[in-house]
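Structure, as structure tokens:
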Amino acid sequence: MTATLIPPAPARAHRDPNVLRWLGAYTSSMLGDNVFYLALSWAAVQAGTPAQAGLVMAASALPRAVLMLGGGVIADRLGPRRVVIGSDAVRCAAVLAVAALLFLTHPGLWPLALLACVFGTVDAVFMPAVGALPARITGKDQLARVQGLRGLAIRAASVVGAPLGGLGVALGGAPAAFALAGALIALSIPLLLSVRVRDLPAGTGGGATAWADLKAGLRHVRRHRVLGPLMIAIALGDLGFVAPLNVGLTLLADHRGWGAAGMGWILAGFGTGAGAASLLLAARGRLPRAGLLTGCACTAGSVAVGALGFVPGLAAAVGTALLVGLLTGLSGALCGALLQTQADPAYLGRVTAVAGLVSLGLTPLSLPFAAAATGTFGLGPVYAVSAAVCGLGGLVLLAVPALRRAELPG
């Protein structure tokens, strides 16, 4: 009798050493990012006026948005791991160079503005590559869990990064904080070098030119039964969500008399809910009706967003923010997981670039309009309109049959 060898089941994402090495690299890089932006804002305020500091902080946005689609092409043509390693190396070198310059002299704002532009340019390549990498390091059935782990890393980095940056500034000023950011980004490079990457199937190479690759990627999104409508849903969800949780929250805390401490508690509630959503996805993995759940979470989350503008007390606002974080965090994580599982791996860099451009290009436009509308109509109507826009994203998810039936294997 011949024995049949049954291959062992692949490890789940949270037990896979390859995924854990990637997760460590990603967490370290995100920590470095958070420390960097705190150091940049501190150094800019010290070197110039508040208006000049604002311009320095915004200097990364334009190159990131303009170059994002091209960054997706580069990530798919060169391979996402190589691009992420190169991006981290450039960012590390730039941050350490500015740290040394600030330590030796007082050059003013120009090196800070240049550093912000470098970060924005590199981010245009880094972000699509980061989105394309998970499909190369694990199986399709683990991509939902990886998306949940990634969300946990983002939350942890945002919670730990600010105190770390503040400690760096307290101990040695902006040069020390920049040096700390560079060291954290540098730590990700050896971890990424140890990550094993799967090759794409034969016949999935790029086109003759980068322009042809870009057109092919946009065509892939436009013609896909799930990806095209999903981009519309992401755009509407982010457009309605960003203003209430940014400028709207500041105005709400000021109007209600809760102050900065109250706003901090509301943000903590939101972060807790979003972290719980990522943990749920990392633990659950497989969701047979993921598209339907995403639409329901987004629609219910839009109601919670609207309610946040009408709650009278701080405790109720914190509870509502926790619910907003849980529902919108779940829908956002599921949208990311659906992008990962529905897109052809050969196009993932370009698909991620389109999703990033939709968010980064459209959502900032809502902030000045929300602030102006609040002064004219009040907080309640602005939150109600934002909730309606966010809810439209949920309705798109529920109305498109292919999206509604989309599954997450696991």
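When reading the values below, keep in mind they use all heavy atoms of this one structure, side chains included, and skip hydrogens, waters and symmetry mates.
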Side-chain (Thr294) to main-chain (Ala290) donor-acceptor, under 3.5 angstrom: yes

Approximate separation, where rounding is to 0.5 Å, of Leu236 CG and Met231 CE: 13.5 Å

Beyond-backbone contact of Ser359 with Ile234, side-chain heavy atoms, under 4.5 angstrom: yes

Donor-acceptor pair, side chain of Arg64 and main chain of Leu357, under 3.5 angstrom: no

Inter-residue atom distance Met263.CE - Leu249.CG, 0.5 Å rounding: 6.0 Å

Donor-acceptor under 3.5 Å (Asn18 side chain, Ile137 main chain): yes

Other residues, nucleotides, ligands: >12 heavy atoms within 6.0 Å of Trp42 CH2: no

Validation row: Trp22, Thr138 side chains within 4.5 angstrom (heavy atoms): no

Contact summary for Val98 and Pro111, nearest pair of heavy atoms: CG2-O, 4.2 Å

Taking every non-hydrogen atom, the tightest pair across Ala343 and Val351: CB-CG2, 3.9 Å

Ring geometry between His220 and Tyr347 (parallel below 30°, tilted from 30 to 60°, perpendicular above 60°): parallel

Steps toward side chain to side chain contact (heavy atoms under 4.5 Å, CB included) verdict (Arg256, Val311): CA-CA 10 Å; Arg256 297 282 196 272; Val311 290; 5.6 Å; no

Backbone of Asp213 reached by a side-chain donor or acceptor of Arg350 within 3.5 Å: yes

Step-by-step side chain to side chain contact (heavy atoms under 4.5 Å, CB included) determination, Val56 to Leu115: CA-CA 9 Å; Val56 168; Leu115 179 61; over 6 Å; no

Closest heavy-atom pair and its distance - Ala124, Pro63: CB-O, 4.1 Å

Aromatic ring pairing Phe178/Phe36, orientation class (parallel under 30°, perpendicular over 60°, tilted between): tilted

Spatial distance of atom OG (Ser158) from atom CE (Met30) [nearest 0.5 Å]: 11.0 Å

Approximate separation, where rounding is to 0.5 Å, of Arg155 CZ and Thr27 OG1: 13.5 Å

Heavy-atom side-chain contact between Leu149 and Leu281 under 4.5 Å: no

Side chain proximity check, Leu40 to Phe119, heavy atoms < 4.5 angstrom: no

Check: Phe270 ring centre within less than 6.0 Å of Phe241 ring centre: yes

pair Arg136-Arg196: side-chain heavy atoms closer than 4.5 Å: no

Flag, side chain of Lys140 to backbone of Ala135, donor-acceptor distance under 3.5 Å: no

Pairwise side-chain contact, Arg225 with Val400, heavy-atom cut-off 4.5 Å (strictly under): no

Separation of Leu67 CG from Asp123 CG (nearest 0.5 Å): 11.0 Å

Evaluation steps, ring pair (Phe, Tyr, Trp, His ring centres under 6.0 Å), between Tyr383 and Phe310: CA-CA 8 Å; Tyr383 268 85; Phe310 295 91; 7.7 Å; no

Check: Val122 and Val118 side chains under 4.5 Å, non-hydrogen atoms: yes

Side chain Ser194, main chain Leu191, donor-acceptor under 3.5 Å: yes

Minimum-distance pair of heavy atoms, taken over all atoms of Ser331 and Cys298: CB-N, 3.8 Å

Separation of Leu78 CG from Ile85 CD1 (nearest 0.5 Å): 12.0 Å

Heavy-atom pair with the smallest gap, counting every atom of Cys92 and Gly182: SG-O, 3.4 Å

Residue pair Ala210 / Val73: nearest heavy atoms and the distance that separates them: O-CG1, 3.8 Å

N/O donor-acceptor pair under 3.5 Å between Arg81 side chain and Leu193 backbone: yes

Side-chain donor or acceptor of Gln340 paired with backbone N/O of Gly131 under 3.5 Å: yes

From CA spacing to verdict: side chain to side chain contact (heavy atoms under 4.5 Å, CB included), Leu339, Leu230: CA-CA 8 Å; Leu339 286 177; Leu230 186 59; 3.7 Å; yes

Flag side-chain contact, heavy atom, 4.5 Å: Val19 against Gln142: no

Flag, side chain of Ser29 to backbone of Tyr26, donor-acceptor distance under 3.5 Å: no

